Amino acid sequence: MASAIGIDVNGEESFFVDKQVLSLFSRRLRKLLEKPSESGAIETVNLILHGFPGGAEAFELVTRFCYNNGNFQINPTNTCILHFVADFMEMTNLMKLTEKSLDSILYWSWSDVLTALKQCQDCFEAANSSGVLDKILDSLVGRIMSASETSPSGFSPESSALRFSCDTRSTISTKNGCNLAWWFEDLSVLNFDTISKAISCMVSKKLEHASISRFLFYYLKHRYLNATSDEKRQATEIVVDLLHSLDNKCVSCKGLFGILPVSSSLNVSKLCRNKLESMIGSQIDQATLDNLLVPAPYGMMNNSLYDVNLILRFLKYFLNNSEPILVSRLKRLGSLMDSYIAEIAPDPSLKPLKFAAITTALPDAARDSYDAVYQAIDMYLQVHPQLSEEEKVKICCCINFEKLSSESCKHLTQSLNFPSRTAIQALIFQNSKLKSLLQNTTNNNLKKFSRHSADNEQHVNLHANRLNLSMENEKLKSHLQGMQCRVMELEKVCRKMQTQLTQVKKTKLSSSSTAGRSLPRLCS
């Protein structure tokens, strides 16, 4: 074949093709083949195509397109790779066909979009510069958001934080489940460049930051599998940087503490370390005591058993937060720090300046009571009897005697562990408190006596009123009883009079009947 030429694709594989067929569709190939040699004559040479997108497999696809005179099926599985080849080879007809296929991306399946995304990942520079990667990611993130709105998972970032000390088995459920988002596993295979673009797209489209942070913890755990130390370090730096771009409230504190020991062993960059510590510090009130008990770095065990400097940095990030701190959060942190101070107080290698720094790190408003701080200081002074009076005073200066209970204050004045200056202060405050209490008690008693006197006076008046009312009631009752007696007497008189009248009538009737019977006798 006189017009056959050899084309080497990226040094992987050579193809013998008809230069006339390919040059008919490729403007770039025509320019290469028509370039004259030094002698001025046009000669056929073997071509080497460096940076050919998709490699030998993609070149084979494009030769089929050319040999079939453009009659080639463009579908979602080959659209992106053919688009990159068309751009590289300057194939106008093929470019139009792939752009038409990309315009119908709305009708692609989820697996089609993933296939296209992986092709973009393999040809990242071409995909990124052509804008195809952005179009694929827009479609992918849009589908994730639509599915989330239809059936939200309802999980908090804390509920799915992944611990790096546990086994490496995947905890993701099936796509129909809701333990972790269904798309986590599909996107966990993406490389660092692609995942960074994907997260940026998610943030710009306002996907929930809680979902993004959960995915990033899952992604990091997946990337640790069978990875070298350098790969783990790179994955950690990438993920920490992406987490730092999210809203801190949506990032799991437990998950960040899971990354912390790994980052120390991997020797990540200082910038990565600072970002990780700032994220933890901003929500240190959500931590547990176990989270704070971080062992001191190797080589510093002589200074303390625990990394107190790390906790001090956490507290600094928390207190220097640009947003106002809620009192409830501050008090929760105060309670947590009281537990931490009590845990580190028995450490014989903990320096007094470091212990004083941790006890005075929080403002006074963080504690309602200083009893726990006092007990921790008492323990520290027992373990460190060799401290000077000045060192003891510096440690005890954090105690607010106004928030110290009477029992603790009394114990302090009698303890030999505390410096005399602090004991005197406690004694003075205790006496002042007793005087104030006595004065308040006296004032309260006087007030109570006044109120009692007023109450007695009111009681006497009320009793007098009741007495007068009772006397009036007695008089009324006696008057009624007198009237009832008179009525009864009148009734007796009436009955007596009726009896007398009845007797009079009977007497008259008897007299008249006797007179009638005696008249005939007189006539005779």
Side-chain angles (χ1 to χ4, degrees), residues 110-111 113-118 120-121 133-134 136-225 227 231-232 234-260 262-263 272 275-276 279-280 283:
W110 172 258
S111 60
V113 176
L114 286 178
T115 300
L117 183 59
K118 291 174 184 177
C120 292
Q121 177 174 263
L133 178 58
D134 292 334
I136 299 298
L137 287 176
D138 284 345
S139 177
L140 181 134
V141 175
R143 292 162 193 256
I144 292 174
M145 294 184 68
S146 298
S148 300
E149 292 171 359
T150 304
S151 57
S153 61
F155 283 86
S156 67
E158 199 66 38
S159 65
S160 61
L162 299 173
R163 306 187 66 160
F164 296 92
S165 59
C166 62
D167 60 63
T168 55
R169 291 175 296 172
S170 174
T171 57
I172 195 166
S173 64
T174 60
K175 290 185 179 181
N176 294 326
C178 60
N179 184 26
L180 291 177
W182 52 270
W183 49 274
F184 283 14
E185 190 172 20
D186 290 334
L187 270 60
S188 63
V189 298
L190 301 179
N191 61 23
F192 300 142
D193 290 334
T194 308
I195 205 64
S196 297
K197 288 282 291 185
I199 297 301
S200 298
C201 182
M202 292 177 186
V203 172
S204 65
K205 286 186 169 294
K206 301 188 185 317
L207 181 65
E208 288 184 351
H209 286 202
S211 297
I212 300 175
S213 68
R214 289 200 304 270
F215 166 70
L216 286 172
F217 284 119
Y218 177 84
Y219 177 80
L220 184 59
K221 181 182 178 182
H222 185 273
R223 297 299 298 189
Y224 279 175
L225 300 176
E231 291 171 340
K232 289 180 179 179
Q234 187 179 4
T236 302
E237 292 177 348
I238 292 291
V239 169
V240 168
D241 184 63
L242 293 174
L243 287 170
H244 192 260
S245 67
L246 305 177
D247 184 357
N248 281 341
K249 300 185 187 69
C250 299
V251 181
S252 163
C253 185
K254 183 193 296 185
L256 293 174
F257 270 107
I259 298 176
L260 187 63
V262 181
S263 64
C272 174
K275 287 182 178 180
L276 180 59
M279 286 189 289
I280 295 176
Q283 50 180 324

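Quick caveat, the model's predicted, so the values are computed rather than measured.
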Inset, instruction - Hey, could you give me the CG/CG distance between L276 and D241, rounded to the nearest 0.5 Å? - result: 12.0 Å
Inset, instruction - Compare every heavy atom of I195 with every heavy atom of L187, then report the nearest pair and how far apart it is. - result: O-CD1, 3.9 Å
Inset, instruction - For residues K232 and Y224, report the shortest heavy-atom separation together with the two atoms involved. - result: CE-O, 3.4 Å
Legend entry - Test item: Q121 and D193 side chains (from C-beta on) under 4.5 Å apart, heavy atoms: no
Inset, instruction - Starting at CG of L207, measure out to CD1 of I212 and round the result to the nearest 0.5 Å. - result: 4.5 Å
Inset, instruction - For N248 and Q283, work out which heavy atoms get closest and say how close. - result: O-NE2, 3.3 Å
Inset, instruction - Let me see the working for K249 and D247 under side-chain contact (heavy atoms from CB on, under 4.5 Å), right down to the final yes or no. - result: CA-CA 5 Å; K249 300 185 187 69; D247 184 357; 3.8 Å; yes
Legend entry - Smallest separation among heavy atoms of R223 and V189, with atom names: NH1-O, 4.1 Å
Inset, instruction - Flag the pair V240 / L220 as yes when at least one side-chain heavy-atom distance between them is below 4.5 Å, and no otherwise. - result: no
Inset, instruction - Taking the side chain as every heavy atom from C-beta outward, state whether L256 and L243 have any pair of such atoms under 4.5 Å apart. - result: yes
Inset, instruction - For the pair S263 (side chain) and L260 (backbone), establish whether a donor and an acceptor sit closer than 3.5 Å, ignoring hydrogens and angles. - result: yes
Inset, instruction - Please confirm whether the backbone N or O of C250 pairs with a side-chain atom of S213, one donor and one acceptor, at under 3.5 Å? - result: yes
Inset, instruction - Measure the spacing between SG of C201 and CD1 of I144 and express it to the nearest 0.5 Å. - result: 9.0 Å
Legend entry - T194 and K118, any side-chain heavy atoms less than 4.5 Å apart: no
Legend entry - Closest approach of I238 to S196 (non-hydrogen atoms, all atoms of both residues): CG2-OG, 4.0 Å
Legend entry - Any R214 side-chain heavy atom under 4.5 Å of F184 side chain: yes
Inset, instruction - Measure across S188 and Y218 and return the closest heavy-atom pair with its distance rounded to 0.1 Å. - result: CB-CE2, 3.9 Å
Legend entry - Interatomic spacing from CG in L216 to CG in L242 - rounded to 0.5 Å: 5.5 Å
Inset, instruction - Kindly indicate whether the side chain of F215, heavy atoms from C-beta on, has any atom under 4.5 Å from the side chain of I199. - result: yes
Legend entry - Straight-line distance of L246 CG to M279 CE, nearest 0.5 Å: 8.5 Å
Inset, instruction - Show your working on side-chain contact (heavy atoms from CB on, under 4.5 Å) between F217 and V239 and close with a plain yes or no. - result: CA-CA 8 Å; F217 284 119; V239 169; 5.7 Å; no
Inset, instruction - Look up atom OG in S245 and atom NE2 in H209, then write down how far apart they are to the nearest 0.5 Å. - result: 7.5 Å
Legend entry - Sidechain-backbone polar pair: Y219 side chain, L190 backbone, donor-acceptor under 3.5 Å: yes
